[in-house]
> 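What follows is a single structure, and I will ask about it in a moment.
Note that the coordinates shown come from a computational prediction; the quantities given were computed from them, not determined experimentally.
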Amino acid sequence: TAHILSRVGDSVNLASSLIPFLSSDSRNDHLLENEVLSPKGNRIFGGYAQSKWVAERLALVHHASIFRFGLLASGQNLRETDWLTLILKGLLELRTVPMGRLSYRFNLTSIEDAADVYVMIGLNSTRSGHYHVASPMGVTLQALIAAFGGAGVQFEVSNDSDFFERFGRNNVLSPAA
C-alpha cells in the first residue's frame, strides 16, 4: 500500500471495510478512528482487520477518501464464494445456533449500491473523507433463522456453552478472544 500511495499523488480513494471496528477490544465498546492501538487495550484482532487499519493510516497521509463497506453481497445473484453464501451454508450445515448470538447483526451491503456510491462520491469529491457504505440496520441472525423457517428449514437454538463446546470457538459467532 505504501509503495502504491507514493506513486499516485494526493487524489486517492481507498476501498476499505468496517471490520477493524468490529474486531477490536476497545475499552469504549467501540473503536474510534482516532484511537491509538495498544497491546494493553484497543487491539484489533485478525490479519485482515489489522491490514485494513494500517492501509487506512497510510492512505490518510495522502488525504485519501476512505470508503468502508459492510459485508458485500450481490443483490442480483450470490456467488458460491460470497461471505454471505458461506455463512448461510455454514448455518445450514450446523442447523443450530447459540441463543446468546441471535441478536448478532450482519452488516450487509448490496455490492451494486456500494459500487454506485463509490463511483458517485469518488469521482466527484474534491476533498478527503470517511464514508461508511453499509446498511444502517443490517440483518440479525434471528431474522436469517426466521427466513429459513419460512422456507421450511428448522434450527435448534442451544445455550451458548453447549453450542461452543459442540462446534468450537473458532467461528464467526464466537465471542472475542
Side-chain angles (χ1 to χ4, degrees), residues 1-90 101 103-141 143-144 170-177:
T1 302
H3 177 72
I4 292 169
L5 289 169
S6 70
R7 298 180 164 289
V8 295
D10 283 338
S11 180
V12 177
N13 291 325
L14 176 70
S16 191
S17 170
L18 294 172
I19 197 69
F21 303 96
L22 304 173
S23 302
S24 79
D25 67 348
S26 175
R27 286 168 280 216
N28 300 322
D29 205 24
H30 58 276
L31 187 66
L32 302 175
E33 293 169 345
N34 60 352
E35 288 193 63
V36 175
L37 301 181
S38 161
K40 296 184 188 281
N42 287 352
R43 295 174 293 179
I44 295 177
F45 299 99
Y48 178 73
Q50 292 167 346
S51 69
K52 288 295 186 181
W53 182 265
V54 170
E56 285 189 15
R57 299 288 119 348
L58 292 170
L60 286 172
V61 171
H62 291 269
H63 310 289
S65 290
I66 297 174
F67 293 80
R68 295 186 182 122
F69 298 106
L71 176 61
L72 294 171
S74 174
Q76 307 294 311
N77 42 356
L78 291 175
R79 294 177 313 165
E80 216 171 293
T81 55
D82 283 340
W83 275 104
L84 180 59
T85 302
L86 296 173
I87 290 167
L88 294 175
K89 282 182 177 181
R101 299 297 183 271
S103 62
Y104 182 93
R105 288 195 177 277
F106 297 93
N107 197 327
L108 299 177
T109 305
S110 156
I111 197 164
E112 294 83 7
D113 291 343
D116 288 346
V117 168
Y118 187 74
V119 169
M120 181 182 69
I121 295 173
L123 292 179
N124 297 312
S125 180
T126 57
R127 60 187 185 124
S128 63
H130 294 87
Y131 304 96
H132 289 203
V133 184
S135 165
M137 297 299 294
V139 63
T140 64
L141 179 58
L144 286 175
N170 189 20
N171 64 65
V172 70
L173 299 175
S174 295

> For the CD1 atom of I111 and the CG atom of D113, what is their distance to the nearest 0.5 Å?
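Reported to 0.5 Å precision, the distance equals 10.5 Å.
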
> Can you tell if the side chain of W53 reaches within under 4.5 Å of the side chain of S16, non-hydrogen atoms only?
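Heavy-atom side-chain distance check fails, nothing below 4.5 Å.
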
> What are the two closest non-hydrogen atoms of I44 and A49, and how far apart are they?
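Heavy atoms of I44 and A49 come nearest at CG2-CB, 3.5 Å.
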
> Please report the closest heavy-atom contact between T109 and A134, naming both atoms and the distance.
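Looking at all heavy atoms of both residues, the shortest contact is OG1-CA, 3.2 Å.
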
> So, for A114 and V133, which heavy atoms are closest and what is the spacing to 0.1 Å?
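Scanning both residues completely, I find the closest heavy atoms to be CA-CG1, 4.0 Å.
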
> Could you list the residues that satisfy side chain to side chain contact (heavy atoms under 4.5 Å, CB included) with L60, not counting sequence neighbours?
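Only R57, I66, H130 meet the side chain to side chain contact (heavy atoms under 4.5 Å, CB included) criterion with L60.
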
> Once side chain to side chain contact (heavy atoms under 4.5 Å, CB included) is applied, do any residues pair with A15, and if so which ones, sequence neighbours excluded?
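Result, side chain to side chain contact (heavy atoms under 4.5 Å, CB included) vs A15: F69, Y118.
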
> Indicate the atoms forming the closest heavy-atom contact of V117 with F67, along with that distance.
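So the minimum-distance heavy-atom pair works out to O-CE2, 4.2 Å.
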
> Sequence neighbours left out, what passes side chain to side chain contact (heavy atoms under 4.5 Å, CB included) with S51? Give chain and number order.
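For S51, no residue satisfies side chain to side chain contact (heavy atoms under 4.5 Å, CB included) once neighbours in sequence are set aside.
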
> Do you know the tightest heavy-atom contact between G70 and L18?
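So the two residues come closest at CA-CD1, 3.9 Å.
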
> According to the salt bridge (charged side-chain N to carboxylate O under 4.0 Å, His left out) rule, which pairs have a member within residues 62-71, sequence neighbours left out?
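Only E33-R68, E56-R68 qualify under salt bridge (charged side-chain N to carboxylate O under 4.0 Å, His left out).
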
> V139: which residues meet the side chain to side chain contact (heavy atoms under 4.5 Å, CB included) condition with it, sequence neighbours left out?
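Once residues adjacent in sequence are excluded, the partners of V139 under the side chain to side chain contact (heavy atoms under 4.5 Å, CB included) criterion are F106, L108, A143, L144.
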
> Minimum heavy-atom separation for P20 to K52, with atom names?
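Taking every non-hydrogen atom into account, CG-CB, 3.8 Å.
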
> So how far is it from L71 CG to I87 CD1, rounded to the nearest 0.5 Å?
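Going from the CG atom of L71 to the CD1 atom of I87 covers 5.5 Å.
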
